[in-house]
Amino acid sequence: MTVAEDVGRIASAAAAFAEAGEELAGVLVAETLGRLVYLCAFESAEGHAWLALGADAEALTERRLVLEAASLGALCEVAEESAGGGHLPELQARLAELRETANPEGIEEAEAAAAALAETLQAEPRIASGAYLDAVGSASRRLEQALGESGVSPFAAAMQSAFGSVETLVDDVDRNYKVSLE
């Protein structure tokens, strides 16, 4: 079963947890603590709510597991948005243009690093995991180095600046979870 098919299966099961006037707004998949977690977001006129389902489509109540999944999912989103300065296709086009017009030393290495980063990024739906986060980070750093960045990593700085937002999301999941967490 593909990730998209699995998300569809979980989305169908999650719909049963929607209250009157509430609809499923999205499903984020994370692999953490050795388990797949499907974090479902619900929206209504009154606000929003969260519920995590396991692979068996049953509601999860283990606080650590649910909040780890929320954190990991958010970090992977930030990593994807920050990779390549947040504009990877434009960067790749600019590198190709530079190769054609000026052909500076190291351009092939930079193009190869940009292509490797593009290959590392997965289309949604995808599974957020520590391994995926590491792969995006490593590919981003290789690109930065190929572009001559030897100081503080812009990617790492973007990730660091996102921690407050990630914590806010995790707190929101904890406060607006549909069932009691243990």
Side-chain angles (χ1 to χ4, degrees), residues 1-15 17-18 23-43 48-89 114-144 153-179 181-182:
M1 181 179 301
T2 67
V3 174
E5 291 169 335
D6 205 26
V7 166
R9 176 183 67 82
I10 292 296
S12 294
F17 291 94
E23 62 181 50
L24 181 66
V27 178
L28 183 143
V29 187
E31 182 177 18
T32 186
L33 304 175
R35 296 175 59 187
L36 280 178
V37 176
Y38 301 84
L39 185 61
C40 304
F42 295 85
E43 296 289 335
H48 61 275
W50 301 92
L51 183 67
L53 302 179
D56 58 1
E58 294 295 321
L60 298 174
T61 59
E62 184 182 332
R63 175 175 268 109
R64 180 173 176 229
L65 178 64
V66 170
L67 300 183
E68 286 278 339
S71 178
L72 186 57
L75 286 170
C76 285
E77 293 285 331
V78 170
E80 290 171 335
E81 291 170 4
S82 303
H87 306 283
L88 186 57
L117 176 57
E119 288 177 23
T120 301
L121 297 174
Q122 299 174 3
E124 290 191 20
R126 50 100 179 98
I127 299 173
S129 68
Y132 179 62
L133 189 59
D134 288 346
V136 172
S138 293
S140 292
R141 187 62 185 151
R142 281 192 299 276
L143 174 58
E144 291 169 353
S153 164
F155 176 83
M159 294 299 294
Q160 186 70 33
S161 70
F163 280 127
S165 297
V166 170
E167 286 177 0
T168 298
L169 171 74
V170 171
D171 288 344
D172 186 62
V173 170
D174 197 21
R175 277 192 321 277
N176 294 296
Y177 201 68
K178 287 180 147 298
V179 297
L181 289 170
E182 304 169 350

Just verifying a value: how many Å separate [X] [atom1] and [Y] [atom2], rounded to the nearest 0.5 Å?
X: E80; Y: L133; atom1: CD; atom2: CG; answer: 9.5 Å
X: C76; Y: E81; atom1: SG; atom2: CD; answer: 11.5 Å
X: L181; Y: W50; atom1: CG; atom2: CH2; answer: 13.0 Å
X: L39; Y: L72; atom1: CG; atom2: CG; answer: 11.0 Å
X: E62; Y: E182; atom1: CD; atom2: CD; answer: 8.0 Å

[X] side chain near [Y] side chain, heavy-atom distance below 4.5 Å:
X: D56; Y: E58; answer: yes
X: I127; Y: Y132; answer: no
X: I10; Y: C40; answer: yes
X: F17; Y: L53; answer: yes

[X]: which residues meet the salt bridge (charged side-chain N to carboxylate O under 4.0 Å, His left out) condition with it, sequence neighbours left out?
X: E68; answer: none
X: D174; answer: R63
X: R141; answer: E144

Throw together a table of side-chain donor-acceptor distances under 3.5 angstrom for residues 27-38, partners on residues two or more places apart or in other chains.
from, atom 1, to, atom 2, distance (Å)
Y38, OH, D6, OD2, 2.2

Using residues 155-164 as the side-chain source, report each donor-acceptor pair under 3.5 Å to any protein atom, sequence neighbours left out, with the distance given to one decimal.
from, atom 1, to, atom 2, distance (Å)
S161, OG, A157, O, 3.4
S161, OG, A158, O, 2.9

- prompt: Do we get K178 above F42's six-membered ring, with its NZ or CZ under 6.0 Å from the centre and within 45° of the axis?
  reply: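 Output yes; distance and angle both within limits.
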
Which heavy atom of [X] sits nearest to which heavy atom of [Y], and what is that distance?
X: G54; Y: L60; value: N-CG, 3.6 Å
X: L143; Y: G84; value: CD2-CA, 4.0 Å
X: A74; Y: V166; value: CB-CG2, 3.9 Å

message: If you count every heavy atom of other residues, nucleotides or ligands that lies below 6.0 Å from H48 atom NE2, does the total exceed 12?
response: yes

Please tabulate, one pair per line, all N/O donor-acceptor pairs under 3.5 Å involving side-chain atoms of residues 115-125, not counting sequence neighbours.
from, atom 1, to, atom 2, distance (Å)
T120, OG1, A116, O, 2.8

